[in-house]
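Each remark here refers to the structure printed beneath this line.
Each chain gets a letter, A, B and so on, in the order its sequence line appears, and its residues count up from 1. Keep in mind it's a predicted model, so treat the numbers as computed, not measured.
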2 protein chains.
Amino acid sequence: MGNKTWTKTADSRSAQREIKRRAVLMAGARLFNDQGYEQTSLEDIAAALNITKRTIYYYVQSKEDILFGCQQLSLEFLADVMESSRDDSLPVEERISRLVRGYCEWVSTDLGASLAMVRPHSLSPERREALHEGKAQFDFQLRALIEQGIREGVIRHCDPRLVAAAVFGALNWIPFWNRTARPVPHEEIAEQYLAMILNGLLPSPKLQGDRAD
Amino acid sequence: MGNKTWTKTADSRSAQREIKRRAVLMAGARLFNDQGYEQTSLEDIAAALNITKRTIYYYVQSKEDILFGCQQLSLEFLADVMESSRDDSLPVEERISRLVRGYCEWVSTDLGASLAMVRPHSLSPERREALHEGKAQFDFQLRALIEQGIREGVIRHCDPRLVAAAVFGALNWIPFWNRTARPVPHEEIAEQYLAMILNGLLPSPKLQGDRAD
DNA sequence: TCGAAATTACACTTGTGGGTTACATTCGGT
DNA sequence: ACCGAATGTAACCCACAAGTGTAATTTCGA
């Protein structure tokens with residue numbers, strides 16, 4: 001508010017602070033993903049960062065804050081992904097591809113994986129609801145694209161709800177099997193998955209010609 | 001061994017016992033799925049069954065036994081499913097369909113869902129390994145079918161490992177979204193998923209004719 | 001160099017739940 | 001009526017982790 005020439009000082013401090021806060025979130029996310037939220041103690045997180053438990057409390061109010069922070073960051077990232085697929089002038093398949101690639105990339109990170117791997121029990125109802133809302137928006141976007149594709153005749157008739165569920169299932173499951181020493185690169189996964197998905201959504205060649213509109 | 005006419009008594013006893021043991025496992029599975037394994041106390045399970053904690057210990061040795069029992073039962077069921085898809089005389093798509101339908105059906109039950117929803121941390125390394133083995137067999141079977149399909153030319157070229165991962169992801173995710181008051185019937189899910197999967201595996205119509213062998 | 005921010009050391013409260021056991025009681029088949 | 005299986009009551013131990021208070025100490029920007 002009142003700062004002038006020196007873009008350092010208080011800024012530098014709070015920037016540092018934010019960076020460190022993220023470090024706490026990321027360390028938390030990694031451990032939550034590996035061992036589960038409840039099985040991870042703040043001491044574990046502290047040890048991973050070579051700091052003390054007390055210091056963690058300098059950056060967050062509670063353990064729950066860490067989890068919530070992770071998932072909140074995740075949703076912010078996903079909001080960007082959604083934004084990049086909102087361009088009406090692109091063909092539907094391209095817009096779907098962007099959603100899938102973006103989600104696939106993000107879910108391959110510690111923070112992103114926490115969105116899929118950590119069950120929401122542990123959060124307070126309000127926070128759970130807030131996050132659910134964010135996920136639902138992403139879901140809706142994919143469904144809407146599928147519906148549009150069906151209307152345009154470039155996607156076969158199907159239940160968009162179930163197809164979207166299948167796609168998210170495939171994507172959300174990635175961190176459960178791909179967190180190894182040498183993981184499959186997310187680009188590779190995205191390509192294979194997209195081949196499956198886009199092919200799977202094509203109007204059936206056998207029934208080429210059955211259209212409803 | 002020494003029993004004759006009276007197929008009751010001891011038999012009836014142990015049969016009853018097994019039934020009740022299953023009741024414990026099922027109640028456990030339901031609660032584990034809902035609240036997580038670690039968040040579920042034996043008191044919770046006892047309350048769900050209207051019995052006391054002490055009685056549970058009459059049927060199982062430990063809490064871990066309950067979880068392991070659930071997943072063991074699950075794998076036994078899945079072994080049957082695999083058996084039903086092992087018939088060489090059937091076309092590959094039919095064999096894949098049987099796997100998917102069977103898995104979809106089973107994962108829609110409490111016991112089956114526990115296989116997908118409960119993380120393996122909580123089990124001892126030996127038991128974890130045993131279960132992992134069982135899951136891996138199912139995975140291999142699907143991969144093998146995909147590979148065979150590719151060889152036969154009825155499935156397009158793809159990475160069977162990643163395709164199988166996508167399929168299992170879609171299936172394993174079902175209990176995460178479909179445990180509601182009025183769930184989507186598993187037959188419906190299986191049909192929609194199979195349409196996606198089988199369509200998605202078809203040799204691409206655009207590139208009709210690119211074969212490698 | 002000064003002062004505030006960042007970090008540590010450490011002790012302490014508090015609560016919880018799983019495993020276990022001893023003893024009492026009810027139930028069901030023969 | 002008897003005996004063992006099935007179940008209940010109740011209490012104990014113990015480890016562990018969230019979170020807090022406080023004082024001391026270090027780091028770092030101005």
Task: Under 3.5 Å: donor-acceptor pair, side chain of B:Arg98, backbone of B:Ser85 - done: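 Answer holds: no.
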
Task: B:His186 backbone acceptor or donor facing B:Glu105 side chain under 3.5 Å - done: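 Not confirmed, B:Glu105 side chain does not pair with B:His186 backbone.
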
So, [X] and [Y]: side-chain donor and acceptor under 3.5 Å apart, yes or no?
X	Y	value
B:Glu126	B:Ser124	yes
A:Arg127	A:Gln71	no
A:Gln141	A:Arg86	yes

TODO: Quick one: closest heavy-atom pair of B:Val92 and B:Gln148, and the distance?
DONE: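 Closest approach of B:Val92 to B:Gln148, heavy atoms only: CG2-NE2, 3.9 Å.
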
Measure [atom1]/[X] against [atom2]/[N] and give the value in whole Å, please.
X	N	atom1	atom2	result
B:Ile56	C:dG18	CD1	P	10 Å
A:Leu67	D:dA18	CG	P	13 Å
A:Gln61	D:dT20	CD	C1'	13 Å
B:Tyr57	D:dT9	OH	C1'	16 Å
B:Arg21	D:dA5	CZ	P	19 Å
A:Glu18	C:dA6	CD	P	12 Å
A:Gln16	C:dA6	CD	P	9 Å

Open item on the list: Please evaluate residues A:Leu115 and A:Leu75 with respect to the criterion side chain to side chain contact (heavy atoms under 4.5 Å, CB included), reporting the C-alpha separation (whole Å), side-chain torsions for both, the decisive distance (0.1 Å), and the verdict.
Closed with: CA-CA 8 Å; A:Leu115 209 53; A:Leu75 289 182; 4.0 Å; yes

Under 3.5 Å between N/O atoms: give me all the protein pairs with nucleotides 14-17 of chain C, atom names plus distance.
none

Taking only N/O atoms, report every protein-nucleotides 7-13 of chain C pair under 3.5 Å with atom names and distance.
from  : atom 1 : to      : atom 2 : distance (Å)
C:dT7 : OP1    : A:Lys20 : NZ     : 2.8
C:dT7 : OP2    : A:Tyr59 : OH     : 2.1
C:dT8 : OP2    : A:Thr52 : N      : 3.3
C:dT8 : OP2    : A:Thr52 : OG1    : 3.3
C:dT8 : OP2    : A:Thr55 : OG1    : 2.3

TODO: Would you please confirm or rule out a distance under 4.0 Å between OP1 or OP2 of C:dA5 and any side-chain N or O of A:Arg17?
DONE: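 No, no such contact exists.
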
- [ ] Would you mind listing every ring pair (Phe, Tyr, Trp, His ring centres under 6.0 Å) that reaches into residues 38-58 of chain A, with sequence neighbours excluded?
- [x]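 Ring pair (Phe, Tyr, Trp, His ring centres under 6.0 Å) check on residues 38-58 of chain A returns no pairs.
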
Task: Which residues share a salt bridge (Lys or Arg N to Asp or Glu O under 4.0 Å) with B:Asp44, sequence neighbours left out - done: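 With sequence neighbours excluded, B:Asp44 shows a salt bridge (Lys or Arg N to Asp or Glu O under 4.0 Å) to no residue whatsoever.
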
TODO: Scan for side chain to side chain donor-acceptor pair (under 3.5 Å) pairs involving residues 169-179 of chain A, sequence neighbours excluded, and state none if there are none.
DONE: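 Side chain to side chain donor-acceptor pair (under 3.5 Å) check on residues 169-179 of chain A returns A:Asp34-A:Arg179, A:Tyr103-A:Asn172, A:Asp110-A:Arg179.
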
- [ ] Write out the stems for DNA chain C, ordered by first number and formatted as range with range, counting runs of at least 3 consecutive Watson-Crick or G-U wobble pairs under 3.5 Å.
- [x]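 DNA chain C stems, ordered by first number: C:1-30 with D:1-30.
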
Open item on the list: Consider ring pair (Phe, Tyr, Trp, His ring centres under 6.0 Å). Of A:Trp106, A:Phe168, A:Phe77, which one does A:Phe138 pass it with?
Closed with: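 Result: among A:Trp106, A:Phe168, A:Phe77, A:Phe168 is the only option passing the ring pair (Phe, Tyr, Trp, His ring centres under 6.0 Å) with A:Phe138.
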
